[in-house]
Amino acid sequence: MYILCIFISLLSVLILCGNLLVIISIVYFRQLHTPTNYLILSLAVADLLVGAVVLPLSIVSLIIYRYYAVCQPLKYRTKVNIHVIVIMVLVSWTVPALSGITIAVLGVNKENHNKRCVLYRNVSVGFVAIIVSFFLPGIIMSMIYVKILTEAQKQIRSIQNINCQIMKTESKMERKATKTLAIIMGVFLICWSPFCVCYTIITATHFVIPVPLLEAFKWLGWSNSMFNPFIYGFFYSWFRSAFRMIISGKIFQADFTNTKLN
């Protein structure tokens with residue numbers, strides 16, 4: 001029991017501190033005020049608050065953004081602007097919120113006497129929740145990302161035949177962003193797949209899965225909210241610089257909002 005309490009406390013602290021670093025970095029430093037980072041900000045808030053619900057649609061929004069950047073670069077500058085990003089963020093929060101409220105209301109109305117979580121006491125409601133919050137976003141993410149990878153490979157082959165340093169630099173940055181997003185998506189699927197698959201098996205076959213194993217898979221899913229800040233810091237030097245300035249307290253000593261992050 002003590003080990004579990006220590007683990008939960010440590011996980012909570014890492015999720016809280018890591019995502020607060022991301023949120024403060026994007027809000028404070030003007031260099032990080034970009035469409036991509038606004039979606040990352042939404043993802044960090046989702047990790048911080050309700051990662052298991054809002055997180056899937058936040059990742060879908062990021063993947064759609066990368067799709068336009070890689071697969072339709074000519075339309076990207078005109079179609080993907082701040083207004084579109086705001087709409088994507090609002091959708092990624094509103095849809096899960098409405099779904100969660102609907103599921104909770106339906107579950108409470110059906111079995112008001114039971115105080116257990118709706119997902120556990122009402123199998124049909126839980127099954128729908130798993131489909132909407134995990135499997136459907138997972139399928140959408142995978143299909144779009146296959147298209148992104150296919151288009152990226154075509155662009156790499158085309159640029160290799162062009163002696164233009166600027167285009168090669170931009171292509172390298174695009175590949176790095178695509179790789180980072182792939183890792184974010186992969187970590188999300190790895191963390192949440194065991195719990196969602198087990199729950200689907202339970203609802204479909206009534207197969208008995210030990211409660212401790214199901215709880216362990218649930219905590220593995222929640223731990224997903226801890227990993228993304230480490231991914232940003234590992235791949236992007238400007239996030240590492242921002243993290244160092246925040247942790248050291250440097251941003252409280254003077255105005256560094258316009259600082260060039262390397």
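Note that the structure is predicted; figures quoted are calculated from it, not measured. Hydrogens, waters and symmetry mates are skipped; everything else that's a heavy atom, side chains included, is used.
Rounded to the nearest 0.5 Å, atoms CH2 (W222) and CH2 (W192) are 7.0 Å apart. Here the OG-CD1 distance, from S42 to I85, works out to 10.0 Å after rounding to the nearest 0.5 Å. L21 contributes atom CG, which lies 11.0 Å from atom CD1 of I26 (distance to the nearest 0.5 angstrom). Going from atom CE of M245 over to atom CZ of R240 covers 15.0 Å, rounded to the nearest 0.5 Å.
Of all heavy-atom pairs spanning N19 and S225, the tightest one is ND2-O, 2.9 Å. Between V27 and H33 the shortest heavy-atom distance is O-NE2, 3.1 Å. Between V89 and L39 the shortest heavy-atom distance is CG2-CD2, 3.9 Å. Pairing each heavy atom of M226 with each of P229, the nearest pair is O-CD, 3.4 Å. Heavy atoms only, all atoms of each residue included: F188 and M141 are closest at CE2-CE, 3.5 Å. The shortest heavy-atom contact between C191 and P194 is O-CD, 3.8 Å.
The side-chain heavy atoms of Q31 and T259, taken from C-beta on, include no pair separated by under 4.5 Å. Side-chain contact check for S25 versus I246: some heavy-atom pair is nearer than 4.5 Å. Under the 4.5 Å side-chain criterion, counting only non-hydrogen atoms from C-beta, N228 is in contact with I184. Annotation: side chain of L189 is in contact with side chain of F134 (closest heavy-atom distance under 4.5 Å). Annotation: side chain of Y236 is in contact with side chain of T180 (closest heavy-atom distance under 4.5 Å). Side chains of L41 and V22 form no contact here, defined as non-hydrogen atoms less than 4.5 Å apart.
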### Query
Could you walk me through whether F195 and L220 pass the side chain to side chain contact (heavy atoms under 4.5 Å, CB included) check?
CA-CA 8 Å; F195 175 79; L220 175 63; over 6 Å; no
### Task
Let me see the working for I40 and N37 under side chain to side chain contact (heavy atoms under 4.5 Å, CB included), right down to the final yes or no.
CA-CA 5 Å; I40 290 176; N37 287 337; 3.6 Å; yes
### Message
Quick one, Y38 with V86, criterion side chain to side chain contact (heavy atoms under 4.5 Å, CB included). Give me CA distance, side-chain angles, the key distance, then yes/no.
### Response
CA-CA 8 Å; Y38 288 144; V86 169; over 6 Å; no
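Here S193 pairs with nothing under the side-chain hydrogen bond (donor to acceptor under 3.5 Å, both in side chains) rule; sequence neighbours left out. Partners of R30 under the side-chain hydrogen bond (donor to acceptor under 3.5 Å, both in side chains) rule, at least two apart in sequence or in another chain, are N258. T257 is linked by a side-chain hydrogen bond (donor to acceptor under 3.5 Å, both in side chains) to D255, counting only residues two or more places apart in sequence or in another chain. Under the ring pair (Phe, Tyr, Trp, His ring centres under 6.0 Å) criterion, Y232 pairs with F239, not counting sequence neighbours. Residues forming a side-chain contact (heavy atoms from CB on, under 4.5 Å) with F234 (at least two apart in sequence, or on another chain): none.
Grouping the Ile, Leu, Val, Met, Phe, Trp and Tyr side chains by contacts below 4.5 angstrom, directly or via other members, places I24 with I231. In the hydrophobic clustering of ILVMFWY residues, with side-chain heavy atoms under 4.5 Å counting as a link, I190 and I183 come out apart. Clustering ILVMFWY residues whenever any of their side-chain heavy atoms sit less than 4.5 angstrom apart, transitively, puts L20 in the very cluster that holds Y28.
Connectivity analysis of hydrophobic side chains (ILVMFWY, heavy atoms under 4.5 Å, direct or indirect) links M143 to I139.
Remark: side-chain polar atoms of W238 are not paired, donor with acceptor, to backbone N or O of L261 under 3.5 angstrom.
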